[in-house]
Amino acid sequence: MSRTEDKLLELNQPRLWSGVNAFRTDPLLVDLTSAMNRTLRDDFDVLGRYVTSHEAQELARMANQSPPSLHTHGPRGERLDVVEYHPAWHALMRRSMNAGLHSSVWENLPDARGQDHKARAVRFYLTAQLECGHLCPLTMTSASIAALMASPRVQKEWAPKILSRKYDSSNRPAMQKSAVTLGMGMTEKQGGTDVRANTSTAIRVGEGIYRLSGHKWFMSAPMSDAFVMLAQTPEGLGCFLVPRLLEDGSANGLQFQRLKDKVGNRSNASSEVEFSDAFGFMLGDPGAGIRTVLEMVTLTRLDCALASAGMMRASMAEAVHHVRGRSVFGKKLVDQPVMTRVLADMALDVAAATALSFRLAEAFDRARDNPADAAYARVMTPVVKYWVCKMAPPLIYEAMECIGGSGYVEERAIARHYREAPVNAIWEGSGNVMALDVLRVLERGKDLFEMVFATLERDLGPSGKKTIEVLRAAMALCERDEGAARLLVEQMALAAAAAELYRMGAGKIADAFLESRLTGGWRNTYGVLDARFDCRYLIDLLYPAVD
């Protein structure tokens, strides 16, 4: 220990949460991966050490303190439309692409066969504890394959570049690069979430080739090599793959107007773009654009939940570590009864969010061969995305408050997590959109709910029957009153989270979560757990002390 560290400890300032293993110090994650092969677990172990290392944390800090800049024109007045990123951004991208965060679910690697989504989910969850901005283009690149599958010819040409792990940030045509990344352009200022109101147009000029004109109000990762975009065709809304550069290196009609000045997600650029006669490849059938792009969006929603769960875990780990090392009013802060109860209450939500997110990843892996998992994936994707992402901002704030004034400074990673947290609840469908998506499934496939209910009732054990009765009552209410949709979604999320904790064998955690969330009274803040629960046990179980 350095003399500086000695003096800080004398001044009642704990060491920073750094240089630990985010995988090995997460008992729930270790348990979730215990059945995976040794090669995968060794990989997780390496990543777990990396994400809290001083080197990695410095890259995250620099990438966020030096946000990207847009250069629309060159010195001769020529259009450039180039976004410049800090070298730290490229370092983060290089490492994460090498780890396959953009590709691994499509590679059919022997070590992860049958668990491709879950194995990637572990890597994504751990990396989110470091820095989430650079995960945005990796999420879209990974999910884009689902949309490209609607056009096998386009998929055959682009997939090898998309799946390459050799990061290439050069500003060259896609097919001249070692690897490419993809972005999305769906929302427009007059429509936003209502993409059917989009005014961008697409005119057919060849077999599967269109010319697009219009604008996009929010297009993230503008230096991507191509974008999945929506535009109106004579047959209705279509989905297209639009390269950023033409084969000769010239611009494909995309002109970036400005970068968004966002609350968080600072390391990642998000732009407004105008385009005229930009050529694009039709994905799927004309008029089937929403159905095609939803294949992609479903995968991005899983990543939203995983990233939120990862940030909550990192923030809680930092807070617990801090209160274990700081003394207040004559005893360690963690031993103060009020603080103990607050932390235990929060720990339950983080455990539930983590378990539920990984359960959804497992359902994606099994959906092709198991109807029950297919139903779970369809019904629960909007539910999980809604609940986990909505929990993150208030929980991370509470963790910041546990640390106190020193938690409210930009030098700590928790500040970055706090600014980042709201985007996952907004991106790829806000809370109301998720609730309406659940109602849409209810209207078209009530049998899917029954399959999910059967699974939850089984995993909940003795409390299953009563819980499902409550869910069915909420479902019946929604059939009469669309405005009650959030009630159903939240109840389903709580029930499913408890069910998964029981299925994992986390009995005491599951009991405390179930009794405080599903059978207790209305609550608005953390720290109101009943005295019957052994709060210190819950904290030490989920956040073991690190020397």
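All residue numbers in this chain count up from 1 along the given sequence. It should be emphasised that the depicted structure is a prediction, and the values quoted were computed from it without experimental measurement.
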Tell me whether the rings of Trp106 and His117 are parallel (<30°), tilted (30 to 60°) or perpendicular (>60°).
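The arrangement is perpendicular - the two ring planes meet at more than 60°.
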
Parallel under 30°, tilted from 30 to 60°, perpendicular over 60°: which one fits the rings of Trp387 and Phe513?
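Answer is perpendicular, since the angle exceeds 60°.
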
Can a donor-acceptor pair be found between the side chains of [X] and [Y] at a distance below 3.5 Å?
| X | Y | value |
| --- | --- | --- |
| Tyr386 | Asp437 | no |
| Ser18 | Gln57 | no |
| Glu131 | His134 | yes |

Lys262 side chain vs Asn265 backbone, donor-acceptor pair below 3.5 Å
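A pair under 3.5 Å: yes.
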
Between [Y] and [X], does any NZ, NE, NH1 or NH2 come within less than 4.0 Å of an OD or OE carboxylate oxygen?
| X | Y | answer |
| --- | --- | --- |
| Lys466 | Glu469 | no |
| Asp45 | Arg38 | no |
| Lys332 | Asp335 | no |
| Arg517 | Asp345 | yes |
| Arg412 | Glu318 | yes |

4.5 Å side-chain heavy-atom contact, Met36 and Lys118:
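Answer yes - side chains close enough.
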
Decide salt bridge (Lys or Arg N to Asp or Glu O under 4.0 Å) for Arg120 and Asp116; before the verdict, give the C-alpha distance in whole Å, the side-chain angles of both, and the deciding distance to 0.1 Å.
CA-CA 6 Å; Arg120 176 184 176 274; Asp116 302 274; over 6 Å; no

Report the C-alpha distance between Glu107 and Ser103 in whole Å, list the side-chain angles of each, state the deciding distance to 0.1 Å, and finish with yes or no for side chain to side chain donor-acceptor pair (under 3.5 Å).
CA-CA 7 Å; Glu107 292 172 337; Ser103 62; 2.8 Å; yes

Do Met475 and Lys446 pass the side chain to side chain contact (heavy atoms under 4.5 Å, CB included) test, and can you show the C-alpha distance, the side-chain angles, and the key distance before you say yes or no?
CA-CA 10 Å; Met475 189 168 67; Lys446 196 171 181 178; 3.7 Å; yes

Test Ser516 against every option in Asp530, Leu529, Val528 by the side-chain contact (heavy atoms from CB on, under 4.5 Å) rule and name the one that passes.
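Running side-chain contact (heavy atoms from CB on, under 4.5 Å) over Asp530, Leu529, Val528 with Ser516 returns exactly one hit, Leu529.
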
